[in-house]
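Ligands are counted one by one from 1 in listed order, and the atoms in each one are counted from 1 as well. Computed from heavy atoms alone, side chains included, the values below leave out hydrogens, waters and symmetry copies.
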Amino acid sequence: MRSSKHIIDKTEKYGAANYKPKDIVIEKARGVMVYNPEGEEFFDMLSAYSALNFGHGHPEIIAAAKEQLDKVTLTSRAFHNSVLCDFYENLCALTGKEMALPMNTGAEAVETAIKTARRWGADVKGVDDHCQEIIVCENNFHGRTITIITMSTDDTARRGFGPFTPGFVKVKFGDANALEAAITPNTVAFLVEPIQGEAGIIIPPDGYLKKVREICTANNVLLIADEVQTGFARTGDMFACQHENVEPDIYVLGKALGGGVMPVSAIAANADILGVFEPGSHGSTFGGNPLACAVAVKAMEILVRDDYPKQAREKGDYFIRKLREIDNKDIVDIRGRGLFVGVEFSIPALCYVKKLIANGVLAKETHEKTIRFAPPIIITYDELDKAIEKIKIAFKGD
Ligand SMILES: *Cc1c(COP(=O)(O)O)cnc(C)c1O
């Protein structure tokens, strides 16, 4: 057997240091539980940033993948494959949109949304090409490409990577007046996370998204919701925008769409918007590949059949209630929606993350002082109780 230490040493020797993982090697996983080579078990309370909403190795998703593996895995878009049509149909039904465009990673879907909005601006709204402006929020996280880090306000993500992409304006998250003030005749879109995940589970004030929707509509500006992390039931609704009954013009989706198996992302919008693409104008070799589609189709089927939004809502309420029983003077806020929960401390949270891991709970701090809990939505109440017991021990005040 290779020890965790051996594996970590080798990883650090050969790998670029663009990540600093916790000292845990996951060798096997099933459902909510993960196991290291030494056979110790841990509760996965991060779920690969919501990519594992279905838990590890969901039997039906794995079966769908295996079945497709034996048929055909890749065709490129030079030819049709027999699964993409079902992917489109399912995603359109789920989002209520007329069309979708598949990619692989979340960042690619964000880039696709930006291209869509710019071209819509030029072709439909009548903004001069090269003059399109897109408004984004401070402290956003939309991914890692050059254009996307252009939109970032995080210096660690940007330093040394210039020159950046023109055409972006940043406003305060949660402030609808700031959005309204930033709109010009050249504004084509407002890109926003309905809840800012990486920034520390930041929930905007009530009514914000509704106000944003009104402002966008009134100014003929597309509302683009980056639901890569919040989408597919995580927050207790199928999409987080639905909490305020808001329908964005473009959904940006990823993470859980791949069922924890494949990178699968997409944008969904109506034909008057996604119709701006003609053959050759955008694409991806692996986008819409049959293996990805088979996995995503099964994932979407399970989401609806097993009412994941309701599960996330009820389990999330229970989880937050239990967390609030914890008496620790370092905890300044416990907030969340569905199974998307942040515990904010007055001090750097790393010491508590270490205690969690030592007690068998995997979680990670985000923005230094907040610990995000986003367990697989399939977590049972029994598992939740066991995890909460461990969290209580780790968070015990001195
Ligand atoms: C993770 C994430 C992305 C980027 O997805 P990748 O698959 O890592 O490229 C974009 N937006 C949000 C909100 C995310 O959480």
task: Anything under 30° is parallel, anything over 60° is perpendicular, the rest tilted; go ahead and classify Tyr381 against Tyr318.
output: perpendicular
query: Looking at Thr105, which atoms of ligand 1 are within less than 4.0 Å of one of its heavy atoms?
result: 7 (O), 9 (O)
query: How far is atom 5 (O) of ligand 1 from its nearest protein heavy atom, and which residue and atom is that?
result: Gly106 CA, 3.2 Å
message: Heavy-atom distances under 4.0 Å decide this one: backbone, side chain, both or neither, for Glu193 against ligand 1?
response: side chain
Straight-line distance of Asp175 CG to Glu180 CD, nearest 0.5 Å: 10.5 Å
task: Looking only at protein heavy atoms, identify the closest one to atom 11 (N) of ligand 1 and say how far it is in Å.
output: Asp226 OD2, 2.7 Å
query: Are Phe373 and Phe340 near enough that their ring centres are under 6.0 Å apart?
result: no
- request: Provide, to 0.1 Å, the distance between atom 2 (C) of ligand 1 and the closest protein heavy atom, together with that atom's residue and name.
  value: Lys255 NZ, 2.5 Å
query: How far is atom 9 (O) of ligand 1 from its nearest protein heavy atom, and which residue and atom is that?
result: Ala107 N, 2.8 Å
message: Taking the ring centre of each residue, are Phe345 and Phe395 less than 6.0 Å apart?
response: yes
message: For Glu133, is there an ion pair with Arg118 - N to carboxylate O distance below 4.0 angstrom?
response: no
- prompt: Is it true that Phe141 lies under 4.0 Å from ligand 1, counting heavy atoms only?
  reply: yes
task: Check for a donor-acceptor pair, side chain of Glu41 on one end and backbone N or O of Tyr35 on the other, with a separation under 3.5 Å.
output: no
